[in-house]
Asker: 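Before anything else, here's the structure in question.
The analysis underlying the following values was restricted to heavy atoms, covering all of them including side chains, and did not include hydrogens, waters or symmetry mates. Labels below follow one simple rule: chain letters A, B, ... track the order of the sequence lines, proteins then strands, and each chain is numbered from 1.
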Amino acid sequence: MDPISLLTLLFASSILVPVADRVGRSVGAFNAPGYLTTAALAAALLSSLMLTPGRYKPVSGSAIPVAELKVDYASQLFALLFISLGLLVSIYSLEYMKREEGLGAYYLLLLLMVAGMVGVALANDLFTLYCFWELMSISAYALVAFRREHWEPVEAGLKYLVMSTLGALMALYAVSLVYGMAGTTNFDDLRTMLSPLNTGGAWLRLLIALFLFGWGVTTAIAPFHTWLPDAHPAAPSSISAMLSGVLIKAGVYAIARTIFYTLPLASGVSYVLMLVGVATSTIGNLSALRQADVKRFLAYSSIANIGYIVIGLGASYRAHVLGLENAALVAMGGALLHVINHALGKGLLFLCAGSLIHVVKSRAISKLEGLGRLMPVTGFSSAIGLLNLAGVPPLSGFWSKLLIAYGLTAMIEEPPVAIVLLLFVVNAVIAAGYYVYFTTRLFRERGVAAREVPPLMWIPELALAGACIVLTLLLTPVLELVYEGASSLMG
Amino acid sequence: MSVLNEYSITAVTLIAIGVYCIATKRNLLKIIIGIEVVTTGVNLNFIAMGVRGGSVDPLASIYAAISIAIGAGVVAVALALVVNAYHRYGTLDSSKMSRLRW
């Protein structure tokens with residue numbers, strides 16, 4: 001199976017979604033676009049499992065080398081993650097969104113967003129990456145503002161659009177500079193060309209800074225994180241799960257692909273990454289502590305988790321510069337494992353939050369107390385998600401943080417790294433505290449009445465909770481895959 | 001080939017003007033015009049980077065053309081959101097919108 005057919009499948013079905021909407025409405029089947037989207041994503045999930053590694057050119061025999069796709073362990077891992085969460089969100093939306101207006105547009109945008117993310121993961125040149133990036137972002141802006149009759153989504157969508165577009169344009173400017181220096185934007189060609197060429201320290205640092213800013217706005221690293229706590233609560237909960245679960249991970253992937261794989265190493269970048277990571281996780285954790293709105297709480301904790309992942313990337317970069325290949329691999333593996341953990345865990349928590357909000361019609365955490373007892377499946381799933389992200393030992397959320405910390409310990413004799421390790425551990429402890437506290441609040445004895453949500457809503461929750469547990473049970477083979485992915489990202 | 005020529009300097013100037021516009025203006029339409037100016041600067045930079053002794057590398061023209069199309073898509077979504085915001089508030093002043101902290 002080649003990636004071109006996978007993308008063709010996604011695009012062809014997204015063309016069919018408006019048709020299904022029109023036909024479905026004329027026969028009274030309003031959910032027809034939802035079923036089509038679910039079927040398309042299920043087919044895409046199967047084909048993404050069967051991708052064959054290699055490089056693919058959509059247009060063969062062209063004199064101008066324009067676009068190229070590539071499948072390796074890392075891109076397949078990310079594509080799989082994006083499609084599987086998209087599938088579960090699509091199933092969830094069948095019930096959750098069924099009373100909304102404009103379902104055709106909703107499912108079309110959802111499918112295009114998944115297609116954009118898959119394209120980001122499979123692109124093998126900077127400009128193709130940018131095109132898919134914008135496809136993903138444009139769909140996300142429209143989805144954040146989907147409930148356009150309310151003031152909050154429109155404002156949050158505009159804020160997200162302006163910040164993220166400016167970021168993407170800075171990344172595009174960096175792409176044009178890379179093109180000017182090397183005459184190509186292909187990742188593999190750039191690897192061989194830029195290293196011996198020795199781009200000169202200042203130019204290389206400028207490029208890395210532009211890419212970090214550009215992809216970093218969507219990744220929500222400090223100080224560009226301010227759109228996220230507004231956009232996630234404003235979007236429908238199913239879309240919050242997509243944004244928080246996988247969209248910001250596409251940013252992590254783009255940063256790793258450009259800074260680690262494509263550009264040569266530059267000294268000092270690792271400290272910037274670690275500093276940004278520590279700042280992001282500290283801001284995220286401290287702000288999460290004082291949130292009364294459950295979706296804002298989850299959004300801030302997403303920022304904190306992005307911080308951990310960026311710390312992992314920084315540790316890996318530093319170890320790479322120092323020549324400690326083993327520690328670099330462990331830190332990168334930890335970051336990737338945390339990407340998986342957080343995608344499953346936070347996707348799960350936003351879906352559960354959506355169910356809880358659906359039942360009590362309020363986003364206040366105080367109103368959600370005690371619901372865990374009354375809604376057994378949602379309660380159990382949110383407990384698994386919360387404990388996984390808290391890093392309670394047997395669950396895999398613990399192991400990913402441990403791997404990042406282990407990567408940092410390899411360079412403990414450097415004072416800045418030791419401080420980063422200390423702050424990382426403090427942050428992880430704070431986060432564990434508030435996750436466990438939230439879990440206990442969810443299961444408090446309260447005199448409220450509530451019923452479990454319909455099966456189409458709890459099945460995706462249960463599937464994600466199951467995935468968190470399976471990930472823990474199969475930790476050794478999963479780690480092998482993650483290390484393969486990490487080594488293909490580091491080259 | 002030099003990375004610095006008169007076109008790329010113009011491109012950087014345009015980007016700077018656009019970023020200034022986005023950072024200081026309160027009118028939503030002016031912010032979107034700022035985005036457009038940055039897009040134009042980046043597109044110009046592709047052409048500037050593609051100059052090969054009197055002619056332009058076709059690859060650079062392709063990049064610029066695709067980027068213009070993508071920029072149009074972004075601005076279309078932005079304008080749609082601005083129309084919704086205008087219907088809701090009756091103003092285009094971003095400082096009048098309570099939660100926007102630009």
Asker: In chain order, what residues pass the salt bridge (Lys or Arg N to Asp or Glu O under 4.0 Å) check against A/Asp21, with sequence neighbours excluded?
Answerer: A/Arg25
Asker: Are any side-chain N or O atoms of B/Arg88 and backbone N or O atoms of A/Glu149, one a donor and one an acceptor, separated by less than 3.5 Å?
Answerer: yes
Asker: Taking all heavy atoms of B/Ala85 and all of A/Val154, pick out the closest pair and write down the distance.
Answerer: N-CG1, 3.7 Å
Asker: Check whether more than 12 heavy atoms from other residues, nucleotides or ligands sit under 6.0 Å from atom CD of A/Glu100, and answer yes or no.
Answerer: yes
Asker: For the CG atom of A/Leu158 and the CD1 atom of B/Ile32, what is their distance to the nearest 0.5 Å?
Answerer: 6.5 Å
Asker: Please rank B/Gly18, B/Ala76, B/Ala80, B/Ala60 by heavy-atom pairs under 4.5 Å with chain A and give me the top one.
Answerer: B/Ala60
Asker: Determine whether more than 12 heavy atoms belonging to other residues, nucleotides or ligands lie under 6.0 Å from atom CZ of A/Phe11.
Answerer: yes
Asker: Classify the angle between the aromatic ring planes of B/Phe46 and A/Tyr179 as parallel (below 30°), tilted (30 to 60°) or perpendicular (above 60°).
Answerer: tilted
Asker: Which heavy atom in A/Gly183 sits nearest to a heavy atom in B/Leu59, and how many Å separate them?
Answerer: O-CD2, 4.3 Å
Asker: Could you tell me if the side chain of A/Leu177 sits less than 4.5 Å from the side chain of B/Asn45, heavy atoms only?
Answerer: yes
Asker: Could you pull out the closest heavy-atom pair between A/Leu172 and B/Ser67, with the gap in Å?
Answerer: CD2-OG, 3.5 Å
Asker: Would you give the length of the straight line joining atom CD1 of B/Ile70 to atom CH2 of A/Trp133, rounded to the nearest 0.5 angstrom?
Answerer: 13.0 Å
Asker: For the CZ atom of A/Arg148 and the NE2 atom of B/His87, what is their distance to the nearest 0.5 Å?
Answerer: 9.5 Å
Asker: For a quick test of reading the model, state the closest non-hydrogen atom pair linking B/Ile15 to A/Tyr173 and the distance between them.
Answerer: CD1-CD1, 3.5 Å
Asker: If every non-hydrogen atom of B/Val74 is compared with every non-hydrogen atom of A/Leu161, which pair is closest and at what distance?
Answerer: O-CD1, 4.2 Å
Asker: With the side chain counted from C-beta on, respond yes when A/Met170 and B/Val19 share a heavy-atom pair under 4.5 Å apart, and no when they do not.
Answerer: yes
Asker: Tabulate, in ascending numerical order, the residues of residues 33-40 of chain B having at least one heavy atom closer than 4.5 Å to a heavy atom of chain A, or enter 'none'.
Answerer: B/Ile35, B/Val38, B/Thr39
Asker: Looking at CZ of A/Arg147 and CG of B/Asn84, how far apart are the two atoms once the value is rounded to the nearest 0.5 Å?
Answerer: 15.0 Å
Asker: Which atom names give the shortest non-hydrogen contact between B/Ile66 and A/Cys131, and what distance separates them?
Answerer: CG2-SG, 3.8 Å
Asker: Under a 4.5 Å heavy-atom cut-off, does chain A meet the side chain of B/Ala69, its backbone, both or neither?
Answerer: neither
